Amino acid sequence: MPTGDLRPRPGKGVQQFSFVDALVAGLYEGAFSAADVAAAGDLGVGCGDALDGELVLVDGRMVLCRANGTVQDVAADERLPFAEVVVFEPTFSHEVAGLGEKQFEDLIESLVPSNNLFYALRVEASFDRMTVREAVRQQAPYRGLAEAVKDQRETTVGETSGTMVGFKGPDVFQGLSVADFHLHYLDNAGTFGGHVLDFDLVSGVVSMEAYSTFVLKLPEVESYLAAELDDISADADIRAAEGS
Ligand SMILES: [Zn+2]
């Protein structure tokens, strides 16, 4: 049975660094220090400088899962082009078992009071199958995200136990954030992870917190300040890149 409730609390919010349409436009220059991102939250997702890997922030530990298969701790002075984080204090938890990715999403949608708020999710579980992707480090001048993700590495493993972290966001935030689910995975050994594309969950626990506040920090690097961002047809590109 679900326990707790999912009412947003005053003073709590999602903190996002840059926005997804900036990535769609190829703005992969790391604009924020990992230290600044870590100071804003202890759970979240993001990507590496030059799109070099998928960032997982869980329990305050920040790692990058790179396309060469390595998982590395992120140094405080590393630069990040995009991150979305929260200070995670879950108000709700639910035991889950025997769910494919679509069934998992349907279940979460049935549990949340509204699709028009942000929710952070932490899913500690065992899986029969987990498919992740890692973006590949790009070379300047950067191509847009739709092209860049054609290089991405996709990996499927069988039995694995670990933690998925990420967000469910309102559809109208597509382009600023990611509509619906955006989850990253790190296994318990800390040696395998990435941006979640598909899975079969055996059993585990979902914890969640809801937010009605969304704080967006814009990049101040020259590549962003000089970019032409008035002609982005992002929705299809984001859906292609995020695997939804
Ligand atoms: Zn991702």
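Predicted, not measured: the structure shown is a model, and the values here were computed from it. Both ligands and their constituent atoms are indexed starting at 1 by order of listing. Position 1 is the first residue of the sequence; numbering continues from there.
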Check your understanding: When the ring centroid of F127 is compared with that of Y185, is the distance short of 6.0 Å?
Key -> yes

Study note, to complete from the structure: In terms of heavy-atom contacts, E220 and L225 come closest through O-CD1, 3.4 Å

Check your understanding: Where do A40 and V87 come nearest, in terms of heavy atoms and distance?
Key -> O-CG2, 3.7 Å

Check your understanding: Would you say the side-chain atoms of T131 and T156 include a donor-acceptor pair closer than 3.5 Å?
Key -> yes

Study note, to complete from the structure: Sorted by chain and number, protein N/O/S atoms nearer to the Zn ion (ligand 1) than 2.8 Å are H182 NE2, H184 NE2, H195 ND1

Review point. How are the rings of H182 and H195 set relative to one another: parallel (under 30°), tilted (30 to 60°) or perpendicular (over 60°)?
Key: tilted

Exercise for review: Decide, yes or no, whether a salt bridge links D42 with R122 under the criterion of side-chain N to carboxylate O below 4.0 Å.
Suggested key: no

